[in-house]
Structures are given as structure tokens and as C-alpha cells.
Amino acid sequence: MLAVSLWACKKEKDTLEPATEQQYNDVSYGSDSRQKFDAFLPAGRDENTPLVVLVHGGTWISGDKADMQFIQNTLKQQGIASVNMNYRYASASNHYEGLMQDVGAVFAAITNTADKWRVRKNGYILLGVSAGAHMALLYSYAYQSQGQVKGVVSLAGPSVFSSEFLTAASNPALSSGIVAMVGADIHSGELSPRFAEASPLNRMSSVPTLQVHGTADVVVPFLQAQLLANALNGKGVANKLIAVEGGGHDLSLAGVTNVGNILSEISSFITARSK
């Protein structure tokens, strides 16, 4: 009887029609109005197709998933599934722990609908820009469930909230965002240990990491990427740092050549780490 059942299941799987392209907008993963994501699912996908979760920037207190749509569209054209998330902004009552909860809730929502959407249930790639890159790194290193994230991509993300970086953070929006995200004051004498706890470099693990950072970035200095790369190298963790020469915090994405090169590197990393 068991053999018959197994044969029937195999036959049903073998005769399953190829998955068609699907797009789901503003899917809720929580009760807050900010807890929504867009899912782009390419045609012909299955449980082996790479799936990337995208996290937008905006100093943790602004920004929107719409900012990441050009990346999401590019991934779809390459046959890569993606989920582009909004999250509850950092505030006086919502700090990095809450942001990590939102990332985890998105992964839970994907896993719960994986059979319906015909996508993988683990082994995802997490990709973020600026503040979203910080969130991607911190979640991948310190908060993910075992095997949940197989690779992380940081585009111009901060890695360590040291006194030197915080002193140089002259942009008022950046300073305000850091205070809200960490839940501690920058100008209170001795730094709260929460700054170290919120720093991906201090929570580093063995997750393969790709960093793309502009050498002329005055918002998040290139040194932030170098420090993380050095620490990863020291631990023998697979990683790559792509230096965008002369690039600012926007990575000079206005340049067509840079866009093509950067997206090609990202795509290669995603494919290699999703196997």
C-alpha cells in the first residue's frame, strides 16, 4: 500500500505542469501596515531556483521596497525568484531586535507558502542596501535559523558602530536613524554595549558574504567594508569585497557600466551560493 502511495505521489510530481510566472504585491506578513512584501516568481521555477530576499535602505527610519524594484526586475529577468520587503521603521520603541523579527517573519511567510508558490523552503540569499545591508548582515550572522540563509549581499552597508564611525556620522538623518535602530544615545559618554551588539562585525559567522562598496562613500566610509572583509578573512569565511573606485554611497549606479558589472557579480554570487 505504501509503495502504491509513493508511486502515485511521484507520478503526480512528474506530470506537474511547469510553473508560470507569478507576481504577488503587498503580501502581509504581520499586522502592521509596513509589514508587507512583493514576490516576483519566474516561470519554470522549482525548489532549486535561487530565492533572494531584498531589504531596502533609508537610515532605518525611511525608504520603501519600491526603491529595490529595479534589482527585483533584474533578478526576475535572470530567472531568480525574489521577495522585496518593507519593515517597521526603527523608532523610540522599535529597535534592531524588532527589525530582525520582521526579517524572520518574512522568511517564515515564504516557508509557509513554499509548496503553493513552488519555491525552496530554505537556503535563501539575503540582499540589502545601506541600512538594509546592515539588517541583512546582522540577520544572516546572528539571527537566522540553521540553513536559512546561504549567502548575504551588502551594498554600501555599515558593519560596525564604533566610536570613530559614530563621531564621523555628520548626517543628522543617519545619526537619528542609528539612535533609533540601536536604542541608545550616541552622545552619552561611554557607548552603550548595544552599539556592539547591533554591529554585524561583532556577530560574525560563517555565512558567505559579498560586499559592494564605493571607495568615495562619505556616508558609510569604505573602511567599514574593509574592516568586515579583514575580519571574515581572518576567520576563513568565504567572502568578496568589490571596490567601486570613486563610487559614493549610491555606488555610482548612474553609470551603465557599473550597473552591469555589479549586477553580474551579484547574480553569480546568488547562483553559486544557492546550490
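Using modelled atom types, one side-chain atom of Thr167 and one backbone atom of Ser163 make a donor-acceptor pair closer than 3.5 Å. Side-chain atoms of Ser199 do not come within 3.5 Å of backbone N or O of Asn202 as any donor-acceptor pair. The backbone N or O of Ser140 sits less than 3.5 Å from a side-chain atom of Gln144, completing a donor-acceptor pair. A donor-acceptor pair under 3.5 Å is absent between the side-chain atoms of Ser267 and the main chain of Leu263, judged by distance alone. At least one donor-acceptor pair closer than 3.5 Å links the side chain of Thr49 to the backbone N or O of Asp46. When atom types are taken as modelled, the side chain of Asn233 and the backbone of Ala229 share a donor-acceptor pair closer than 3.5 angstrom. Here the side chain of Arg194 pairs a donor or acceptor atom with the backbone of Val182 at under 3.5 angstrom. A donor-acceptor contact shorter than 3.5 Å is absent between the side chain of His56 and the backbone of Ser130. Side-chain atoms of Arg88 do not come within 3.5 Å of backbone N or O of Asp32 as any donor-acceptor pair. For Asp38 (side chain) and Val83 (main-chain N/O), no donor-acceptor pair under 3.5 Å exists by modelled atom type.
Separating the OG1 atom in Thr209 from the CG atom in Asn239 is a distance of 6.0 Å, to the nearest 0.5 Å. Taking CG of Leu191 as the reference point, atom CD1 of Ile186 lies at 8.5 Å (rounded to 0.5 Å). Here His134 contributes atom NE2 and Phe161 contributes atom CZ; the two are 4.0 Å apart, rounded to the nearest 0.5 Å. In this structure, the separation between CD on Gln78 and OG on Ser268 is 8.5 Å, given to the nearest 0.5 Å. From Lys235, atom NZ reaches atom OG of Ser205 across 11.5 Å, with rounding to the nearest 0.5 Å. To the nearest 0.5 Å, the span separating CD1 on Ile80 from OG on Ser274 amounts to 7.5 Å.
A pairwise comparison of heavy atoms in Val219 and Pro221 identifies O-CD, 3.6 Å as the closest pair. Smallest separation of non-hydrogen atoms from Leu127 and Ala136: C-CB, 4.3 Å. The minimum heavy-atom distance linking Ala225 with His213 is given by the pair CB-ND1, 3.6 Å. Counting all heavy atoms, side chain and backbone alike, Leu155 lies closest to Ile266 at CD2-CD1, 3.9 Å. Summarising the geometry of Ala243 relative to Thr215, their closest heavy-atom pair is CB-CG2, 3.9 Å, with the distance given to 0.1 Å. Nearest approach of Leu99 to Met181, heavy atoms of both residues: CD1-CG, 3.8 Å.
Between Trp117 and Tyr24, the distance from one ring center to the other falls under 6.0 angstrom. Annotation: Tyr139 is in aromatic contact with Phe107 [ring centroid separation under 6.0 Å].
Neither side chain, Arg118 nor Gln22, offers a donor N or O lying under 3.5 Å from an acceptor on the other. A donor and an acceptor atom, one from each side chain of Lys121 and Thr111, are nowhere located under 3.5 Å apart. Using a 3.5 Å distance cut-off with no hydrogens or angles, the side chains of Asp102 and Gln35 do pair a donor with an acceptor. In the model, Asn25 has a side-chain atom that pairs as donor or acceptor with a side-chain atom of Gln23 under 3.5 Å. If you check the side chains of Glu197 and Tyr96, you find a donor sitting under 3.5 Å from an acceptor. When only modelled atom types and interatomic distance are considered, Asp217 and His249 share a side-chain donor-acceptor pair under 3.5 Å. Between the side chains of Tyr141 and Ser206, no donor-acceptor pair of N or O atoms lies under 3.5 Å.
Contact annotation: the side chain of Asn94 approaches that of Ser91 to within less than 4.5 Å [non-hydrogen atoms, C-beta and beyond]. The shortest side-chain heavy-atom distance between Val237 and Val207 does not fall under the 4.5 Å cut-off. Annotation: side chain of Val152 is not in contact with side chain of Ile125 (no heavy-atom distance under 4.5 Å). A heavy-atom distance below 4.5 Å is found between the side chains of Leu241 and Phe222. Side-chain contact between Val53 and Phe37: absent, with no pair of heavy atoms (C-beta onward) separated by less than 4.5 Å. Within the 4.5 Å cutoff, side-chain heavy atoms of Leu54 are placed close to those of Val52. Side-chain atoms of Gln72 and Ser82, non-hydrogen and from C-beta on, do get closer than 4.5 Å to each other. With a 4.5 Å cut-off on side-chain heavy atoms, Leu223 and Glu164 do not count as touching.
Hydrophobic clustering, with ILVMFWY side chains joined whenever heavy atoms are under 4.5 angstrom apart, keeps Val55 apart from Phe40. Hydrophobic clustering keeps Val129 apart from Tyr89 (ILVMFWY residues linked when any side-chain heavy atoms are closer than 4.5 Å, directly or through intermediates). With hydrophobic clusters built from ILVMFWY side chains whose heavy atoms lie under 4.5 angstrom apart, Ile61 does not share a cluster with Tyr87.
For Asp26 and Lys65, the salt-bridge test passes: some basic side-chain N is under 4.0 Å from an acidic carboxylate O. Remark: Arg34 engages Asp64 in a salt bridge, criterion side-chain N to carboxylate O under 4.0 Å. Between Arg45 and Glu21, none of the side-chain N atoms (NZ, or NE/NH1/NH2) sits under 4.0 Å from a carboxylate O, so this pair counts as no salt bridge.
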Stepwise side chain to side chain contact (heavy atoms under 4.5 Å, CB included) check, Phe165 with Val160: CA-CA 8 Å; Phe165 173 62; Val160 57; 6.0 Å; no

Leu228 and Gln211: CA distance, side-chain angles, deciding distance, side chain to side chain contact (heavy atoms under 4.5 Å, CB included) verdict: CA-CA 9 Å; Leu228 180 58; Gln211 295 187 90; 3.7 Å; yes

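Shown here is Lys240, whose NZ atom has no more than 12 heavy atoms of other residues, nucleotides or ligands within 6.0 Å.
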